[in-house]
Amino acid sequence: MCGIVGYIGNKEAYPILIKGLKRLEYRGYDSAGIALIDGNMTIFKKAGKVNDLETIVDPDKIAATIGIGHTRWATHGEPNDRNAHPHLSNSGDLAIIHNGIIENYSSIKEELTKRGYKFHSDTDTEVLVNLIEEVQKTEKTTLDNAVRIALNEVVGAYAIVILNLKNPDQLVAARKGSPLVIGIGDDEFYIASDASPIIEYTKNVVYLDDQEYAVINRDGNYSIRTLGNVEKSHEIQKLEFSLELIEKGGFEHFMLKEIYEQPKAIEDSLRGRMSASQGWIKLGGLNEYINRIDNADRFIITACGTSWHSSLIGEYLIEDLARIPVEVEYASEFRYRNPIIKETDVVIAISQSGETADTLAAIDLAKDRQALIYGICNVIGSSIARASHAGSYTHAGPEIGVASTKAFSTQISIITLIALQIAVVKGTIPTSKFREILYELENISSKIEETLALDAQIKEIAAIYKDATNFLYLGRGYNFPVALEGALKLKEISYIHAEGYPAAEMKHGPIALIDENMPVVFLATNKSAYDKIVSNVQEVKARKGRIIAVVHKGDTQIRALADHIIEVPETEEILSPLITIVPLQLLAYHIAIMRGCNVDQPRNLAKSVTVE
Ligand code: M6R
């Protein structure tokens with residue numbers, strides 16, 4: 001949560017910072033602010049979005065070539081102007097931006113207050129910048145050394161960048177638990193929470209590791225040290241995505257663009273990792289630990305939100321195909337409930353951002369207990385990717401809409417490959433079936449294209465139900481996690497209450513909710529439980545519920561019962577989530593737009609949840 005950006009070089013900093021903040025706004029949009037040094041320290045900050053910040057700045061009056069910027073997802077203190085970052089130290093010399101939480105801020109604040117410090121916000125961040133100032137004063141040391149000493153006293157997570165009025169030719173940055181990347185240009189540097197504000201200017205980046213800080217100088221030099229004061233040298237990495245990928249490319253919203261990108265994203269996630277005609281799967285990360293993985297007693301899959309839903313599909317796939325027991329755990333619960341984890345377990349952590357704090361903490365716990373950690377992440381170089389022993393990137397490309405879409409489908413693609421690869425080695429599925437599934441997987445993108453072509457019809461359905469106050473999503477088997485995901489998509493972007501349930505579970509309670517005002521979305525593509533679903537549809541119909549059913553092309557039975565049917569192409573049942581999720585994403589998108597909601601930046605949310 002929170003996006004941070006910094007610049008030092010020969011260009012004007014303000015436009016770079018503002019553009020960077022707009023790219024990072026998906027991380028939080030409660031307030032935005034910038035600090036610049038142009039002789040004086042100047043701070044502009046405002047509750048609301050980056051556009052609101054722009055209204056209080058006259059760019060013609062700024063000529064600074066060093067600055068920092070922040071877009072906030074509020075943790076400590078209301079989202080108002082006062083709590084917006086950057087925060088100044090009491091002397092006015094230091095300005096800080098921070099992503100994370102300082103857990104022991106209140107005892108530090110008490111101590112600083114005793115020493116005469118005054119606080120003008122409710123944030124933990126203002127406490128940190130004053131702690132740094134106090135260390136600098138008492139130790140009579142450089143800013144970077146004071147940062148190092150202060151951070152050794154701090155408990156919590158942070159990515160910070162500090163601007164020092166006394167040294168306008170230097171930025172100091174540090175991280176622990178929150179991401180930070182340094183872009184290296186020609187005699188200029190960019191710092192940001194992710195590479196999106198940097199890609200336009202340079203492809204050369206260095207990722208800071210946890211417990212490291214960087215001193216970045218205008219003369220083109222930078223150095224990295226650990227908080228233990230050991231010098232580090234990181235290899236410069238090349239960014240692989242292009243600017244185009246983080247722009248809307250003609251779509252009105254990132255979410256819609258990302259829904260439409262799914263066929264390509266899935267192809268990218270499979271490329272070079274399988275061949276149906278030659279009958280192989282090669283997942284680099286898997287091969288390295290293949291013995292340990294094939295002989296695992298159990299898989300535990302841990303994740304949050306949408307990634308938790310794809311984990312559930314992973315459970316079905318791995319148990320179904322590879323016959324290895326799987327448990328799926330909300331990362332936030334797993335880390336605190338003293339779970340049994342053995343050395344022979346393989347823990348798969350799934351995360352689009354690779355920065356989700358709960359998932360990272362779950363990994364740490366499982367690592368302590370000697371389990372093998374396999375990360376499935378989208379963001380290259382992310383904390384979860386680096387904390388894992390092995391793993392596979394989903395290669396979905398940047399996902400900017402807060403509602404996860406293409407990340408979900410590519411996570412499923414990867415976990416399908418994992419399940420299939422283990423299954424074929426263990427001999428738990430016949431080779432002929434293995435080949436059939438691979439062929440179908442190769443063909444799945446064209447079926448998703450066909451499903452996307454139903455957009456106009458789905459928009460019409462959305463117009464009918466846009467004012468509903470509740471929705472139920474029901475599915476069985478592989479479509480049950482899809483029902484959960486469909487409900488999550490609707491509630492997070494349209495603010496309509498929605499619940500996903502296993503279709504048969506409806507009769508144990510939710511059926512009481514059904515009346516003529518309740519839209520019920522059925523996912524009814526399963527061949528294996530078709531008759532059972534038909535019965536569930538009938539139960540809803542008998543209670544006058546409004547039925548929207550996603551069915552296979554040519555379905556007749558449910559057509560006769562449903563108010564609306566969405567006919568999708570048939571596929572292998574185990575791959576059906578890749579298709580059935582698409583109409584649900586589109587339905588949520590259109591309903592949210594018709595209700596006037598901001599689909600890319602829904603209220604109270606942030607793309608990457610780097611706090612507990
Ligand atoms: O980056 P991650 O996949 O770890 O994020 C997990 C959740 O925060 C995320 O999926 C969230 O639920 C999305 N807003 C869902 O659309």
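In each ligand, atom 1 is the first atom listed, and ligand 1 is the first ligand listed. When a residue number appears, it is its place in the shown sequence, counting from 1.
Closest to atom 6 (C) of ligand 1 by heavy atom, among C304, A407, G305, is C304.
Note on ligand 1: V402 sits in its first shell, one or more heavy atoms being nearer than 4.0 Å. Ligand 1 lies within reach of K489, whose nearest heavy atom is under 4.0 Å from it.
The distance from ligand 1 to the heavy atoms of S353 drops below 4.0 Å at these ligand atoms: 1 (O), 2 (P), 4 (O). For ligand 1, the atoms sitting less than 4.0 Å from at least one non-hydrogen atom of S351 are 1 (O), 2 (P), 3 (O), 4 (O), numbered in the order shown with element in parentheses. Per-residue contacts place S307 under 4.0 angstrom from the following atoms of ligand 1 (heavy atoms of the residue considered): 2 (P), 3 (O), 10 (O). Using a 4.0 Å cut-off to heavy atoms of E492, the atoms of ligand 1 that qualify are 13 (C), 14 (N), 15 (C), 16 (O). Contact atoms of ligand 1 toward A403: 16 (O) (distance under 4.0 Å to a heavy atom of the residue).
Not a single salt bridge (Lys or Arg N to Asp or Glu O under 4.0 Å) links K46 to another residue, sequence neighbours left out. Under the salt bridge (Lys or Arg N to Asp or Glu O under 4.0 Å) criterion, K406 pairs with E261, not counting sequence neighbours.
Taking the six-membered ring where the residue is Trp, Y289 and H389 present tilted rings, their angle falling between 30° and 60°. Between Y330 and W308, the ring planes are parallel. Angles under 30° get that label, and only those over 60° would be called perpendicular.
At the top of the distance list for atom 10 (O) of ligand 1, counting protein heavy atoms only, stands T306 N, 3.0 Å. Closest protein heavy atom to atom 8 (O) of ligand 1: V609 CG2, 3.9 Å.
When only interatomic distances are considered, the shortest N/O to N/O separation between S404 and ligand 1 falls below 3.5 Å. In terms of N/O distances under 3.5 Å, ligand 1 is approached by T356.
Side-chain atoms of T123 and N83 form no donor-acceptor pair, as typed in the model, at a separation below 3.5 Å.
Both the sub-6.0 Å distance and the 45° axial angle are satisfied by R603 relative to the ring of Y495.
Nearest heavy atoms, P79 versus R72: CA-NH1, 3.6 Å. What you find for L474 and P502 is that their closest heavy atoms are CD2-O, 4.4 Å.
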